[in-house]
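As the structure is a computational prediction, the values presented were derived from the model and not from experiment. Residue numbers start from 1 in every chain, and the chains themselves are labelled A, B, ... in the order their sequence lines are given, proteins ahead of strands.
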Amino acid sequence: MKNIFTIIIRLTLSCLVAAFVMGLFFVLTSKAKKHNEHVNEEKTMYSLLGYKDVASVPQTVKLYAVYRYIVTDLKGKSIAYLVPTGQGASVGFSFITLDLDGKLIDQKPVTVSADDAAEQESRDKAIKVALGSGKEIAYAEDKTIIVTENGARTAYLINGKFPGFKASISVMLALKPDFGIRGMAIVEHEEDPGLGAEIEKKYFKNQFIDKSFAALKTLDVVKEPLPEGYRKSLEGPLDNADDEKILQQYKDHAIYALTGATISSRSVTNGVKGTVAKFAYRINILDNVLKEQNIVVPF
Amino acid sequence: MANDKSSMQLVANGILKENPIFRLALSMCPAVGISTTVMNGFMLGVAVLFVQVCSSLTISTVKNFIHPRIRIPTYTLTIATWVTVIDMVLAAYMPEAYSKMGIFVKLIVAFAIITMRLEMFACKEPVGASFWDGLGMGMGFMIGMMTIGLVRELLGSGTILGYDVLGFKPLLFFILPSAGFFVVGLMMAFFNYIEIFYKRQKGFKS
């Protein structure tokens, strides 16, 4: 009996010490980790758009971030977006609340600097100040980046997260203004190495490039071997005009499933379909409201 | 168990006489799984070295307070703590390397070599000796991993540390995990041969 108590006490104490050590290192490394994630995200973003890094982006190209929020007040829930407003040098931010039918409820200017808006904590704070009391906001983990060149939209960057074979798969998608796919990057996944993990490989993920919005709606997965010529063109680099032609030929073709990883292939395909469809619906509603209310936006 | 070995002897013991991979044949699973290149072997070796040294030091320091009935849980807890620490540090400061071997770092918790060393050595010996023993074992593992990695990388993809040496790929088979066993087996034979050779020479002399 005496043994049990000593054992319990000692084990508990050891666990506490271990937890303390781990917590200490978590605090020490969290800043660097966050920085890494940020750098990684930027790298993926720019590579999807076809630029090497921040410096190689031309002056005429501008990136604007739109954040989606869920607002809860006494009347119920509504959707809201934090959008940059104004034109030229006087770009500010507005918090636009919409009801579930896509009608404007209200629009509040938010005073926040561009750097603070990029950080969730400071952004939430600024929005709360602008809204006043009585309203709860929750970030929907949904950030859209709208890319413009000389004022005209050239691309959207959106994030998608959907269930894979075992755990969630996160992707970043670059869309054309007509919601066709411009590029895809797998940001995070826990698929099996050698099987599902092949979704990261070019010969799988590049199959999505150039799929039009209409083709995406009915996009299917086929369990057929990937044609050799197509695989070569997907893996690039494109040597000659023939490769281009092959890509054109398979442009709206169904996705070829990975051998031994049909479930992963299907979940990526369905996930991308769902992500794009939802995004297109949301951005159309937001655009309509912006137009109806004559809200001037830089994108 | 009285300890009459000097610190350098303890380190050498871990690297040669009781090399974790080639002599004790422990932790074979990671040894064949990850050692496809020299760099991979080196990275995991460093992580194991860190965990081994820290765990040995911790256990050796608190050995008088460990209840004999819960030795093994305490070891596991200690190892898990240090593995989590190195996992977080690598993720924060070496993201490139971490993205390649992240999974395997977490597996260090289950490495037989570390638990075995704590049970055999650190829980009986003073702190200083445990440190040197941990260092020796960790370095032995690291060197073992790097040697296997060197052979496999050279024969499998014709490169060393990513530099193309041969200009062609001799045997793709060596990249596959099963080839790891072949390489480990050959290395063991080599180490045993050296030992026998050494003993014989000594025998002749005396």
Would you indicate whether B/F182, at its atom CZ, is surrounded by more than 12 heavy atoms from other residues, nucleotides or ligands within a distance under 6.0 Å?
no

For a 4.5 angstrom cut-off between non-hydrogen side-chain atoms, does A/D210 reach A/K176?
yes

Residue part contacting chain B, namely of A/S14, when any heavy atom lies under 4.5 Å
both

Within the side chain of A/K273, is there an N or O that forms a donor-acceptor pair under 3.5 Å with the backbone of A/L219?
yes

Residue pair A/V268 / A/H189, side-chain heavy-atom distance below 4.5 Å
no

Quick check on ring-ring contact (aromatic ring centres under 6.0 Å, His included): which of B/F42, B/F50, B/F111 does B/F141 satisfy it with?
B/F111

Can you tell whether the side chains of A/E121 and A/K125 come within less than 4.0 Å, N to carboxylate O?
no

Look at the rings of A/Y156 and A/F279 and say which category their plane angle falls in: under 30° parallel, 30 to 60° tilted, over 60° perpendicular.
perpendicular

Taking every non-hydrogen atom, the tightest pair across A/G196 and A/S264
CA-OG, 3.6 Å

Between B/E153 and B/V38, is there a donor-acceptor pair closer than 3.5 Å when you use the side chain of the first and the backbone of the second?
yes

Per-residue contacts, residues 85-92 of chain B versus chain A, heavy atoms under 4.5 Å
B/V85, B/M88, B/V89, B/A91, B/A92

Please verify the inter-ring angle class for B/Y193 with B/F197; under 30° counts as parallel, over 60° as perpendicular, anything in between as tilted.
parallel

Within residues 162-175 of chain A, the residues sitting under 4.5 Å from chain B by heavy atom, in sequence order, are none

Check each atom of A/L28 against the heavy atoms of chain B and say whether the ones under 4.5 Å are side chain, backbone, both or neither.
backbone

